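One structure is given below, encoded as structure tokens.
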Number of protein chains: 2
Amino acid sequence: MHVTPDTPPRPKRRYARRLPVEQRREHLLDAALRVIARDGYESVSIEAIAQEAGVTRPVVYSAYDGLEPLLHALLDRTQRRALASALRLMPQPGGDQDVAEWALEAYAALLDIVRKEPDVWRPVLGLTRNAPAVVRDRIDATRDLIRGYLADAFQEGLERRHASAHDSKEVDVDLLAHLTLVTAEEFARLTLEDPDRYDKDRLLATIETLLSSFTDR
Amino acid sequence: MHVTPDTPPRPKRRYARRLPVEQRREHLLDAALRVIARDGYESVSIEAIAQEAGVTRPVVYSAYDGLEPLLHALLDRTQRRALASALRLMPQPGGDQDVAEWALEAYAALLDIVRKEPDVWRPVLGLTRNAPAVVRDRIDATRDLIRGYLADAFQEGLERRHASAHDSKEVDVDLLAHLTLVTAEEFARLTLEDPDRYDKDRLLATIETLLSSFTDR
DNA sequence: CGCTGAACCTACAGTGGTGTAGCAAAGAGG
DNA sequence: CCTCTTTGCTACACCACTGTAGGTTCAGCG
């Protein structure tokens with residue numbers, strides 16, 4: 001008669017598919033993103049990512065030096081994807097389009113982009129709660145960057161107007177940039193959370209009204 | 001000759017002042033708030049709170065059933081303090097003040113309140129990063145509540161205008177409430193983060209311009 | 001002044017994550 | 001078919017926090 005051990009010697013893990021480091025890195029970033037999307041930032045750990053990726057922790061450590069570097073890399077990737085398209089919305093240096101017109105088009109384009117790639121934008125827009133310090137700092141820095149571009153764009157656009165017509169309304173460009181960005185984020189969030197209720201036309205109509213206060217008359 | 005142990009038997013903790021449960025609870029909430037303000041939400045733990053309060057963990061457990069209930073209580077307290085003053089800004093039911101006028105005054109009052117009690121408002125405005133799920137959910141719910149009030153106020157105010165003058169401009173009250181709230185939060189943040197740069201007058205001037213687009217003409 | 005109960009403390013067992021050393025398997029090249 | 005390198009796995013030591021059982025202190029009251 002033989003003894004059955006109370007914990008049968010676990011059937012030994014099956015070997016995961018072998019990947020060169022670079023591919024493994026991508027693989028891990030994808031896994032991390034899935035974890036974040038599913039369970040939120042508070043549940044992200046080397047352990048969780050390894051498990052999601054179907055791999056053991058040492059594998060993760062061989063690709064990244066720890067959780068922070070990994071998240072950092074994930075942010076880099078996201079930034080390349082999201083920031084790039086955001087900046088593309090900025091007015092062309094040589095363009096002579098009217099500011100209000102440009103702003104409206106930029107909003108429209110943004111909403112399109114966001115709805116097309118929700119997985120890229122959701123974490124950016126803070127829908128994924130509890131981002132750790134690294135993440136928040138990065139997002140904040142990016143936000144500042146964009147706001148700077150926005151302020152410049154408004155400044156230039158309004159000056160050009162000034163030159164042609166001579167309506168000398170004083171506008172606080174800095175605050176305008178703040179408001180524009182905050183509004184854009186809120187609207188993007190609304191589009192993501194409830195696309196049916198907050199459709200593009202509805203959002204844009206309100207934006208138009210809003211813009212008029214700064215640029216009309 | 002006697003042996004000096006390598007770890008000298010720690011001099012036995014001094015007894016903390018004894019407090020009845022209710023007072024201890026307040027004490028712990030204060031400690032928790034300090035921890036959050038100093039180290040952020042990600043560092044909040046029973047352990048950290050106990051230490052900050054100069055007390056051992058079992059004491060915390062005798063006051064609250066764990067971290068979540070404690071944070072919940074902290075939120076209740078904050079809500080009593082913050083939400084109350086926020087709701088007081090809403091227009092009086094019997095009042096017949098103009099909407100735009102009221103909105104501007106409410107903004108002004110909000111900025112005053114926020115600057116007067118930064119410790120109450122900082123966590124509410126999300127300046128303290130990484131709020132755990134409980135906290136975020138609560139803040140979100142409160143935000144929804146306030147937005148509801150806002151929407152009602154605008155609806156009513158605009159209808160009254162409609163009645164007297166007959167400027168029948170269509171306004172998306174729901175979105176207007178969204179924008180108002182988001183703007184208020186951003187401005188409150190700005191006031192808290194850089195009061196010199198973003199003084200009250202500057203912020204209010206921009207608000208006034210903004211409001212005009214929805215209510216003028 | 002001694003008792004008693006409320007309020008604290010110490011100590012321990014449990015859980016889940018970290019980071020690393022060293023062995024095992026895959027699979028490419030001879 | 002054997003060998004060597006690369007990639008993955010197991011196993012361990014460690015840490016921080018959780019939750020609780022059981023002993024200790026102190027303040028108030030008879």
Side-chain angles (χ1 to χ4, degrees), chain A residues 5-32 35-36 38-73 130 132-134, chain B residues 5-32 35-36 38-73 130 132-134:
Chain A
D6 39 332
T7 48
R10 190 176 3 107
K12 220 174 191 185
R13 186 190 190 91
R14 224 183 116 184
Y15 257 60
R17 202 165 126 240
R18 298 191 164 207
L19 297 178
V21 206
E22 276 312 318
Q23 279 184 46
R24 180 59 78 198
R25 280 200 241 265
E26 284 301 303
H27 178 215
L28 289 175
L29 292 188
D30 291 341
V35 172
I36 290 170
R38 177 161 31 82
D39 308 326
Y41 275 106
E42 72 268 32
S43 315
V44 165
S45 65
I46 297 281
E47 176 65 32
I49 295 173
Q51 194 166 335
E52 175 72 30
V55 114
T56 57
R57 273 180 296 121
V59 174
V60 181
Y61 281 105
S62 67
Y64 293 102
D65 286 344
L67 188 59
E68 282 224 354
L70 191 156
L71 288 179
H72 209 71
N130 301 6
V134 229
Chain B
D6 39 331
T7 48
R10 190 173 7 104
K12 218 173 193 186
R13 186 190 191 93
R14 225 184 116 182
Y15 257 58
R17 201 165 128 241
R18 292 182 172 217
L19 296 179
V21 206
E22 275 312 317
Q23 279 186 45
R24 181 59 78 200
R25 279 199 242 264
E26 283 302 300
H27 179 216
L28 289 175
L29 293 189
D30 291 340
V35 172
I36 291 170
R38 178 161 29 81
D39 308 325
Y41 276 104
E42 71 268 33
S43 314
V44 165
S45 64
I46 297 281
E47 175 66 30
I49 295 173
Q51 194 166 336
E52 174 73 29
V55 112
T56 56
R57 274 180 294 119
V59 174
V60 181
Y61 281 106
S62 68
Y64 294 101
D65 286 344
L67 188 58
E68 282 224 354
L70 192 156
L71 288 180
H72 209 70
N130 300 7
V134 228

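Residue numbers start from 1 in every chain, and the chains themselves are labelled A, B, ... in the order their sequence lines are given, proteins ahead of strands. If you're wondering where the values come from, they're calculated on a predicted model, not measured in any experiment.
Nearest to the side chain of A/Pro58, among D/dC9, D/dT18, C/dG17, sits D/dC9. Nearest nucleotide to the side chain of A/Ile46, out of C/dC9, D/dC9, C/dT18: C/dT18.
Nucleic acid contact for A/Leu19: sugar-phosphate only, since backbone atoms but no base atoms lie under 4.0 Å from a heavy atom of the residue. At a threshold of 4.0 angstrom between heavy atoms, the contacts of A/Thr56 include nucleobase atoms, whether or not backbone atoms are also involved.
Here C/dA26 presents its P atom at 10 Å from CZ of A/Arg14, a figure rounded to the nearest Å. For the pair A/Arg17 CZ and C/dG27 C1', the computed distance is 13 Å after rounding to whole Å. Whole-Å rounding puts the B/Tyr61 OH to C/dA6 P distance at 23 Å. Counting to the nearest Å, the P atom of D/dT6 and the CD atom of A/Gln23 are 16 Å from each other. In this structure, B/Glu22 atom CD and C/dA7 atom P are separated by 11 Å, rounded to whole Å. Atom CD of A/Glu42 is separated from atom C1' of C/dG17 by 15 Å (rounded to the nearest Å). The CZ atom of A/Arg13 sits 12 Å away from the P atom of D/dA11 (whole-angstrom rounding). The separation between A/Glu47 atom CD and D/dT10 atom C1' is 13 Å, rounded to whole Å.
In this structure, the side chains of B/Glu22 and B/Glu26 stay at 4.5 Å or more apart for every pair of heavy atoms. Residues B/Ile36 and B/Leu71 have side chains in contact (heavy-atom distance under 4.5 Å, counting atoms from C-beta outward).
Considering CG of A/Leu28 and OG of A/Ser62, their distance stands at 8.0 Å, rounded to 0.5 Å. Atom-to-atom distance recorded for A/Asp30:CG and A/Glu52:CD is 10.0 Å, nearest 0.5 angstrom. A/Ile49 CD1 to A/Leu70 CG: the interatomic distance, rounded to the nearest 0.5 Å, is 4.5 Å.
Checked by distance alone, A/Arg18 brings no side-chain donor or acceptor within 3.5 Å of a matching partner on the base of C/dG27. For D/dG19, its base sits under 3.5 Å from the side chain of B/Arg57 at one donor and acceptor pair at least. For B/Arg24 against C/dA7, a side-chain-to-base donor-acceptor contact under 3.5 Å is absent. Counting distance only, with no hydrogens placed and no angle test, the side-chain atoms of B/Tyr15 and the base atoms of C/dC8 include a donor-acceptor pair under 3.5 Å.
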